[in-house]
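Atom set for the values below is all heavy atoms of this structure, side chains included, hydrogens, waters and symmetry mates excluded. Atoms within each ligand, like the ligands themselves, are counted from 1 in listed order. For clarity, every value in this text was computed on a predicted model and none was experimentally measured.
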Amino acid sequence: MQLSTFQFSKFYHALHLISMLLVVSFFIGIWTPQEIHAQERRIIDVHLHALSLKAFPAHVDTMAGYKRPESLEALRSRSIDQLERFNIVKAVTSGEPELVKNYKEAAPNRIVQGLWIPIGLTGDSLNRYLKSLPQWYRQGKFEVIGEVLTQYSGITPNDPILEPMWSFAEQEDIPVGIHIGPTFTKTSGYTPLKMKEVLKKHPNLRVYVMHAGYPKIEDMIQLMSEYPQVYVDLAGMLFGLPHEKSHQYLKRLVDAGFANRIMFGSDQQVWPQSIEESIRVIEKANFLTEEQKQDIFYDNAARFFGIGKDKTLGTID
Ligand SMILES: [Zn+2]
């Protein structure tokens, strides 16, 4: 990717989180100490990021409620510490390609390399980027496509410009994670239902809707009802929303009968503690049975990504 694209996407990525926090949150939940069972679990994080500390201006720390580590190395090692501490055996990681590579080198069996479609890529640059997918895949540069951030540019999933990506993913059986959720841009008409056309055209596509289409719960439920192959992740809302709100949203999905298609995601960016907090929110959801928690933390993602079936995520230590 060109340097200018990087800089552009960094800037927008900062806004990505700010908008997520602004739109969905005016209060960060403060957790009362309670026992975490997570250490006894196996977890898959389907939505982790490898970003530079410069991705966000310093004041965002206050909004997020965390202080970022002092260096890039500390960010990486503390993020990986969290993976180890909470037995997160796989983490689908996207961000700046060089940094994703560094994470992979630091924890080769846990980190699954995601390829993001960065914010700010449109027109010819997006075309060129998407045309490179087959080559980058052959070179082993990614295992999963995502996070696809085209919503920020107002590009809907059914836009013809994305067709080469969907076709390639379906043909090679590569999972795709697409951001459908809060943004800082005016994409108010944007809903999970924009995936319908793509799913009709590509019935064998493995795709998950990141952020579970928040806050468009009705549309999300409709899409999942009509297309049983669609999975979602809970990333961002778990640490970005007051826990009552994320519980409410999660409960709607579970009550609609989708507990076996919801996956855990942290959306960790530059605050490693957000992984831990995201896990706590699921643990605290008293309306979930123990089995449903296990589904969300691990089983659903293991099925979706095909762990042990020689598909993208490979083996577990
Ligand atoms: Zn996102």
Of all N/O/S atoms in [X], which lies nearest to the Zn ion (ligand 1)?
X: Glu147; answer: OE2
X: His179; answer: ND1
X: His211; answer: NE2

Problem set entry | Tyr137 with Leu162, same ILVMFWY side-chain cluster at under 4.5 Å | yes

Problem set entry | Salt bridge present between Glu105 and Arg76 (N-O < 4.0 angstrom) | no

For this session: Look at the aromatic rings of His49 and Trp116 and report parallel, tilted or perpendicular, splitting at 30° and 60°.
Result: tilted

Exercise. When the ring centroid of Tyr208 is compared with that of Phe305, is the distance short of 6.0 Å?
Worked result: yes

